[in-house]
Amino acid sequence: MFNIYGRKIPEQGDRVFDKASKNFYKINYTTGLKDFENFYIIAKESGLLPEDLDPEPMTIGFNKMVDCVKQDANFKNLFNGPVVPFAIKIPKLANDVGDQLEDFFLNLVKKSFYNRFPNYQFKATLQGKSKLRQRLTYAPHSKYSEFARAVSTCGVVGLYFPTALQEYDIPSQQKQLLNFPLTKDFQICLAGHIEASYSLIVKPDLLYSKNSYSPVLCLSALQHEDPRMVPLYKAYGPHLEFWLMSQMLAPGVVQVSEQWAGGLTIYQLIK
């Protein structure tokens with residue numbers, strides 16, 4: 001299902017910039033599995049995990065899940081692209097997605113970024129008169145509501161593949177899971193704000209590269225009440241930005257870009 005770059009192979013009906021990815025926009029971070037335990041420490045310090053959570057059973061469950069994905073013929077090529085391992089449990093996560101972003105995740109991303117890059121800039125921009133609070137929901141077929149519910153209850157360990165749907169337009173990203181085979185050893189969803197924000201908190205230089213242009217991380221598991229708008233993270237040189245911006249180049253014409261990347265998330269409940 002995925003090519004040599006870990007990108008989903010387009011199917012009939014998918015709207016993509018190019019059927020054969022040239023891998024021009026890329027994240028120079030491909031060996032993230034070894035960072036699971038380091039990220040766990042940062043996540044706990046940042047409030048993304050409870051202080052009293054035992055790391056040993058999480059690590060065991062995480063390693064078993066990784067083995068299952070690597071042995072699955074449909075999904076093993078995902079590891080050819082960048083992957084960020086994560087462990088998240090946020091019992092007091094707000095119900096409203098906009099509140100989660102404005103009151104929690106964006107503040108943590110900003111704090112982590114300035115701790116790492118005090119001379120650079122992080123900014124959040126909402127295009128036009130758009131708002132986040134009470135305006136964002138989970139996209140149909142994204143399976144993100146199950147993921148978010150697990151984050152706020154039992155917690156999850158998982159793998160975030162930020163460029164698995166690179167060059168796909170947003171509607172094509174949001175329909176991908178309709179065609180995915182069922183799995184019994186792990187769960188999968190379209191990537192959204194929780195794991196993307198986590199990745200930039202534990203690794204604030206994820207999108208920074210001196211050698212290549214970085215992709216735009218589309219949070220396509222979310223949808224805004226204004227269908228023109230899409231939330232995303234992007235780098236601007238060494239600077240980091242969150243945007244709620246239009247995906248329409250003209251009325252009714254959705255942007256398809258080589259730089260825009262949708263992500264996939266594979267996860268397992270913490271037991």
Side-chain angles (χ1 to χ4, degrees), residues 27-70 78-79 81-94 100-120 122 124 147-163 186-187 189 191-209 214 217 219 233 235 238-240 242 263-271:
I27 293 174
N28 291 320
Y29 177 69
T30 56
T31 56
L33 296 180
K34 70 181 188 311
D35 287 326
F36 178 76
E37 293 185 18
N38 294 332
F39 289 170
Y40 167 86
I41 296 171
I42 300 171
K44 184 176 282 190
E45 293 172 346
S46 301
L48 299 169
L49 285 169
E51 283 292 331
D52 59 353
L53 205 59
D54 185 355
E56 185 174 354
M58 280 199 309
T59 303
I60 293 173
F62 172 79
N63 289 332
K64 287 182 178 179
M65 180 194 65
V66 170
D67 289 341
C68 289
V69 180
K70 286 184 173 181
L78 274 167
F79 290 101
V83 51
V84 181
F86 63 81
I88 312 174
K89 183 178 181 181
I90 311 172
K92 295 183 179 180
L93 188 66
Q100 293 172 19
L101 277 164
E102 291 204 27
D103 296 336
F104 188 69
F105 287 111
L106 291 180
N107 288 331
L108 288 179
V109 171
K110 179 180 180 180
K111 180 180 178 181
S112 179
F113 184 79
Y114 281 128
N115 283 341
R116 177 69 175 81
F117 299 111
N119 297 320
Y120 298 150
F122 170 80
F147 175 76
R149 189 181 308 115
V151 167
S152 64
T153 54
C154 57
V156 297
V157 292
L159 302 162
Y160 169 46
F161 300 93
T163 60
F186 50 85
Q187 299 185 56
C189 67
H193 64 301
I194 296 175
E195 63 276 49
S197 299
Y198 175 102
S199 300
L200 292 166
I201 293 165
V202 300
K203 188 171 176 55
D205 60 344
L206 181 69
L207 295 180
Y208 177 54
S209 173
S214 298
L217 302 186
L219 311 182
Y233 284 109
H239 309 290
L240 180 64
F242 171 87
L264 291 173
T265 296
I266 288 176
Y267 69 98
Q268 186 180 74
L269 308 183
I270 294 176
K271 299 177 181 179

>> Run the side chain to side chain contact (heavy atoms under 4.5 Å, CB included) test on Q268 and Q187 for me, step by step, so that the C-alpha distance in whole Å, both residues' side-chain angles and the decisive distance to 0.1 Å come before the verdict.
In response: CA-CA 6 Å; Q268 186 180 74; Q187 299 185 56; over 6 Å; no

>> Assess the residue pair V109 and Y233 against the criterion (side chain to side chain contact (heavy atoms under 4.5 Å, CB included)); give the C-alpha distance rounded to whole Å, side-chain angles, the decisive distance to 0.1 Å, and a yes or no.
In response: CA-CA 11 Å; V109 171; Y233 284 109; 3.7 Å; yes

> V66 and L33: side chain to side chain contact (heavy atoms under 4.5 Å, CB included), yes or no, with the steps?
Replying inline: CA-CA 9 Å; V66 170; L33 296 180; 3.9 Å; yes

>> Please evaluate residues Y114 and L240 with respect to the criterion side chain to side chain contact (heavy atoms under 4.5 Å, CB included), reporting the C-alpha separation (whole Å), side-chain torsions for both, the decisive distance (0.1 Å), and the verdict.
In response: CA-CA 10 Å; Y114 281 128; L240 180 64; over 6 Å; no

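The shortest non-hydrogen separation linking K44 to P50 is CE-O, 3.5 Å. Closest non-hydrogen pair, Y267 versus C189, comes out as CE2-SG, 4.1 Å. The minimum heavy-atom distance linking Y40 with L49 is given by the pair CD1-CD1, 3.3 Å. The minimum heavy-atom distance between I201 and I42, with the atom names listed, is O-CG2, 4.2 Å. The minimum heavy-atom distance between A43 and Y198, with the atom names listed, is CB-CE1, 3.6 Å. Heavy atoms only, all atoms of each residue included: F122 and L106 are closest at CE2-O, 4.0 Å.
Not one N or O on the side chain of S112 forms a donor-acceptor pair closer than 3.5 Å with the backbone of L108.
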Pairs under 3.5 angstrom only: tabulate donor-acceptor contacts from the side chains of residues 150-163 to other protein residues two or more places apart or in another chain.
| residue | atom | partner | partner atom | Å |
| --- | --- | --- | --- | --- |
| S152 | OG | A148 | O | 3.4 |
| S152 | OG | R149 | O | 3.1 |
| T153 | OG1 | R149 | O | 2.8 |
| T153 | OG1 | A150 | O | 3.4 |

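Between Y120 and Y208, the ring-plane angle classifies as tilted under the 30° and 60° cut-offs. Using bins of under 30°, 30° to 60° and over 60° for the plane-to-plane angle, the ring pair F36/F62 lands in the parallel bin.
A cation-pi arrangement is present between K70 and F79, with the terminal nitrogen or guanidinium carbon under 6.0 Å from the aromatic centre and inside a 45° cone about the axis.
Within 6.0 Å of NZ on K203 lie more than 12 heavy atoms contributed by other residues, nucleotides or ligands.
For the atom pair S199 OG and D35 CG, the distance stands at 11.0 Å (nearest 0.5 Å). Once rounded to the nearest 0.5 Å, the distance linking CG of N119 with NE2 of H239 reads 10.0 Å. With values rounded to the nearest 0.5 angstrom, F39 atom CZ is found 12.0 Å from I88 atom CD1. Here CG of L264 is found 10.0 Å from CD of E195. Values are rounded to the nearest 0.5 Å. Distance check, rounded to the nearest 0.5 Å: OG1 of T59 to NZ of K64 gives 12.5 Å. The CG atom of L219 sits 6.5 Å away from the OG atom of S197 when rounded to the nearest 0.5 Å.
The closest side-chain heavy-atom distance from T265 to I194 is not below 4.5 Å.
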